[in-house]
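It should be emphasised that the depicted structure is a prediction, and the values quoted were computed from it without experimental measurement. Throughout, protein chains are lettered first and strands after them, A, B, ... in sequence-line order, and every chain is numbered starting at 1.
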Amino acid sequence: MLEIQRIRNNKEEVIEGLKKRHFEASELIDLILTKDQEWRKQKGALEDVAAEMNRISKSIGELFRQGKKDEAEQAKAQTGSLKDDENKLKEQVQALEQEINELMYQLPNVPNELVKPGKSEVDNEIVEEQGEAVQFDGKALPHWEIASKYDLIDFELGVKVTGAGFPVYKGKGARLQRALISFFLDEAVKAGYQEHIPPLVVNEASGFGTGQLPDKEGQMYYIGEDDLYLIPTAEVPLTNLFRNTLIPQEDFSHKLCGYTPCFRREAGSYGKDVRGLNRLHQFDKVEIVRIEHPKNTARALDEMVDHVKGLLEKLGLHYRILRLCGGDTGFAAAMTYDFEVYSAAQEKWLEVSSVSRFDTFQSTRLKLRYKTAEKKNELCHTLNGSALALPRIVAALLENNQSEKGILIPEALIPYTGFEVID
RNA sequence: GGAGAAAUGGCAGAGUGGUCGAUUGCACUGGUCUUGAAAACCAGCGUACCGAGAGGUACCGGGGGUUCGAAUCCCUCUUUCUCCGCCA
């Protein structure tokens with residue numbers, strides 16, 4: 001959520017910034033500011049009445065103490081209409097607050113100055129490309145055929161047990177998953193991120209804190225009986241560890257990581273894109289999260305990008321980095337870098353990581369602040385990124401590393417898999 | 001799942017209808033004293049919103065109610081603790 005203060009003071013900057021998303025905000029913002037002005041007026045009136053009520057109440061107490069019962073009763077009588085006014089104003093103020101909030105929720109984050117305008121993924125900038133496409137003599141098999149050939153992943157069994165999008169990993173396929181998780185976690189810990197095992201189910205307040213609610217309600221699995229949500233990413237529980245937190249000093253940097261399964265309903269997806277591991281309802285991911293002083297955010301984002309690059313290079317994957325254009329940048333993010341690996345058999349790029357800075361968009365909702373040297377409370381910045389999401393990494397590894405001898409495991413992963421080849 | 005107890009400021013812990021936004025202790029910050037430190041003493045020390053400011057309003061686990069007035073009474077939810085049951 002944007003800060004109302006920012007909209008009051010820098011209305012034009014917000015409107016201009018949101019244009020990069022092709023989001024026309026001026027009408028919405030004018031409406032918000034009108035309601036805000038009305039709110040301030042009513043709120044002031046309400047507080048005046050409340051102050052008057054408080055004053056009378058105190059005097060009644062004083063009169064009773066002095067034994068002046070009659071005068072006290074008289075004073076009581078005059079509060080009646082004041083109380084009506086108070087209740088009426090309170091209703092109006094609350095209604096306005098709700099209206100303003102609902103309007104505020106519709107405003108996405110303002111893109112960073114580096115973000116280029118654009119409508120969709122076709123406008124994303126490729127900022128870097130490393131490695132080159134693997135060449136095959138014959139035809140390369142897609143990963144779902146490899147998975148079945150070596151009995152690594154069983155999609156049909158998953159359908160039987162649960163439904164489409166819930167694969168069952170078996171044998172070396174399961175071991176490869178576990179190896180990747182351990183590898184990613186070890187690398188994150190080496191880079192200074194503290195490992196966490198968070199809950200996989202969160203409450204409504206947490207979903208709201210990181211911005212999944214109310215914007216993307218339909219994306220999450222909802223457990224109605226207990227009013228809880230299955231996490232779509234570890235970002236939600238990890239960032240919410242810091243909900244309602246005041247960090248007592250100005251000099252801080254919290255770096256955390258965690259492996260979790262992620263659950264996404266992916267309502268409306270179908271077709272070729274969902275084949276095999278390309279899009280799942282349940283998948284594994286190691287996430288890195290940072291809570292930073294605003295002055296360190298740019299550097300933190302660069303460090304996270306470098307970390308993900310390091311992982312992909314150790315796995316020997318051909319990858320590229322995109323800076324998303326305004327229109328493709330997620331609702332809550334100010335800037336996002338996507339990482340894509342090249343899938344040799346499918347002959348397309350697969351997104352395997354998304355690294356974003358949110359600035360104060362999440363911390364406003366989270367009430368996550370730090371204390372400045374001048375004893376002021378200021379909002380922290382939050383960032384997060386996948387490091388990495390497993391399924392498409394597995395897809396790329398299987399497809400790119402296929403050979404006559406079988407699937408060759410990258411050097412860096414062998415200590416974790418315990419085998420060098422899948423055959 | 002059943003029975004009981006509890007939830008107050010960074011922590012501890014008072015407060016059971018009327019100057020209580022909240023006694024006190026510890027911690028913390030500044031000052032005096034000291035060669036320095038400790039001790040002692042003095043002062044300060046929650047958050048949010050509105051306001052140019054003076055100041056005002058709200059907040060004693062969350063929500064609702066009673067009352068002129070609620071930390072205090074009532075309802076409800078949540079969490080924690082103790083006992084019983086069940087269980088990886």
Side-chain angles (χ1 to χ4, degrees), chain A residues 1-9 32-105 197-209 213 223-229 237 240-252 254 360-380:
Chain A
M1 182 157 69
L2 296 176
E3 293 156 81
I4 185 86
Q5 218 51 279
R6 184 173 177 186
I7 293 173
R8 282 184 200 144
N9 301 334
I32 288 171
L33 288 176
T34 309
K35 298 263 182 204
D36 180 56
Q37 213 155 26
E38 179 67 10
W39 173 79
R40 281 194 276 180
K41 195 175 131 207
Q42 301 284 27
K43 177 91 186 220
L46 172 63
E47 289 183 355
D48 287 347
V49 174
E52 178 68 3
M53 284 287 283
N54 286 342
R55 200 186 58 70
I56 294 173
S57 292
K58 270 184 189 167
S59 75
I60 290 174
E62 188 57 32
L63 290 171
F64 271 120
R65 217 169 307 111
Q66 292 170 1
K68 298 176 180 166
K69 270 210 159 123
D70 292 347
E71 287 181 47
E73 291 299 338
Q74 232 171 3
K76 263 197 207 185
Q78 70 174 181
T79 60
S81 70
L82 266 180
K83 217 180 168 187
D84 287 344
D85 291 350
E86 190 182 13
N87 286 334
K88 225 175 279 168
L89 283 166
K90 204 186 276 181
E91 264 175 48
Q92 287 175 20
V93 166
Q94 282 173 351
L96 278 167
E97 281 170 1
Q98 203 185 329
E99 284 177 55
I100 291 168
N101 276 333
E102 277 165 15
L103 295 171
M104 291 290 289
Y105 297 154
I197 301 181
L200 305 182
V201 173
V202 293
N203 56 30
E204 188 184 350
S206 293
F208 180 77
L213 295 175
I223 305 168
E225 194 165 9
D226 298 294
D227 203 15
L228 297 170
Y229 297 84
N240 271 282
L241 298 177
F242 286 86
R243 179 149 44 86
N244 279 324
T245 298
L246 178 61
I247 296 170
Q249 76 283 345
E250 196 158 8
D251 176 29
F252 67 92
H254 288 282
T360 60
F361 199 83
Q362 292 183 326
S363 55
T364 314
R365 293 180 176 203
L366 291 162
K367 294 197 175 35
L368 166 54
R369 291 159 302 163
Y370 66 93
K371 181 89 65 191
T372 67
E374 294 79 38
K375 308 280 181 203
K376 290 265 206 180
N377 296 333
E378 302 281 354
L379 292 165
C380 300

Is A/D36 salt-bridged to A/R40, cutoff N-O under 4.0 Å? yes

Does A/A51 reach a base, just sugar-phosphate, or nothing at all? Heavy atoms under 4.0 Å. sugar-phosphate

Base-pairing assignment for B/rA7 (Watson-Crick or G-U wobble, both under 3.5 Å): B/rU78

For the P atoms, the ones on B/rG17 and on B/rA70, what distance do you get once it is rounded to whole angstrom? 14 Å

Is the number of heavy atoms from other residues, nucleotides or ligands under 6.0 Å of A/E52 CD greater than 12? yes

Phosphate-side-chain proximity, A/K376 and B/rU47, N/O vs OP1/OP2 below 4.0 Å: no

Give a yes/no answer on whether the side chain of A/K43 brings an N or O atom under 4.0 Å of OP1 or OP2 in B/rA58. no

Which part of the nucleic acid, if any, lies within reach of A/T79 when heavy atoms closer than 4.0 Å are counted: base, sugar-phosphate only, or nothing? sugar-phosphate

If I pick the C1' atom on B/rA7 and the same atom on B/rG62, what distance separates them, to the nearest angstrom? 12 Å

With a cut-off of less than 4.0 Å, is there a side-chain N or O of A/R55 near OP1 or OP2 of B/rU19? no

B/rC73: pairing nucleotide in any strand, Watson-Crick or G-U under 3.5 angstrom: B/rG65

Are any of A/N54's side-chain N or O atoms less than 4.0 Å away from OP1 or OP2 of B/rA58? yes

Using the P atoms only, state how far B/rU76 lies from B/rC84, rounded to an integer number of Å. 27 Å

Position toward the 5' end of RNA chain B (nearest nucleotide), A/A50 or A/N377: A/N377

Using the P atoms only, state how far B/rU80 lies from B/rC86, rounded to an integer number of Å. 22 Å

Nearest heavy-atom contact between A/V49 and A/L82 is CG1-O, 3.7 Å

Between A/R40 and B/rU57, does any side-chain N or O lie under 4.0 Å from OP1 or OP2? no

For A/G209 and A/N240, which heavy atoms make the closest approach, and how far apart are they? CA-OD1, 4.1 Å

Considering only heavy side-chain atoms of A/F64, the closest of B/rG46, B/rG18, B/rG69 is B/rG18

Using both distances under 3.5 Å as the test, list the Watson-Crick or G-U wobble partner of B/rC28, or none. B/rG44

Would you please test A/Y105 and A/F208 for ring pair (Phe, Tyr, Trp, His ring centres under 6.0 Å) and show each step? CA-CA 10 Å; A/Y105 297 154; A/F208 180 77; 5.5 Å; yes

Check every strand shown and say whether A/I60 touches a base, only sugar-phosphate, or nothing at a heavy-atom separation below 4.0 Å. base

Pick base, sugar-phosphate or nothing for A/K371, based on heavy-atom distances below 4.0 Å to the nucleic acid. sugar-phosphate

If pairing requires Watson-Crick or G-U wobble contacts with both distances under 3.5 Å, which nucleotide is the partner of B/rC87? none

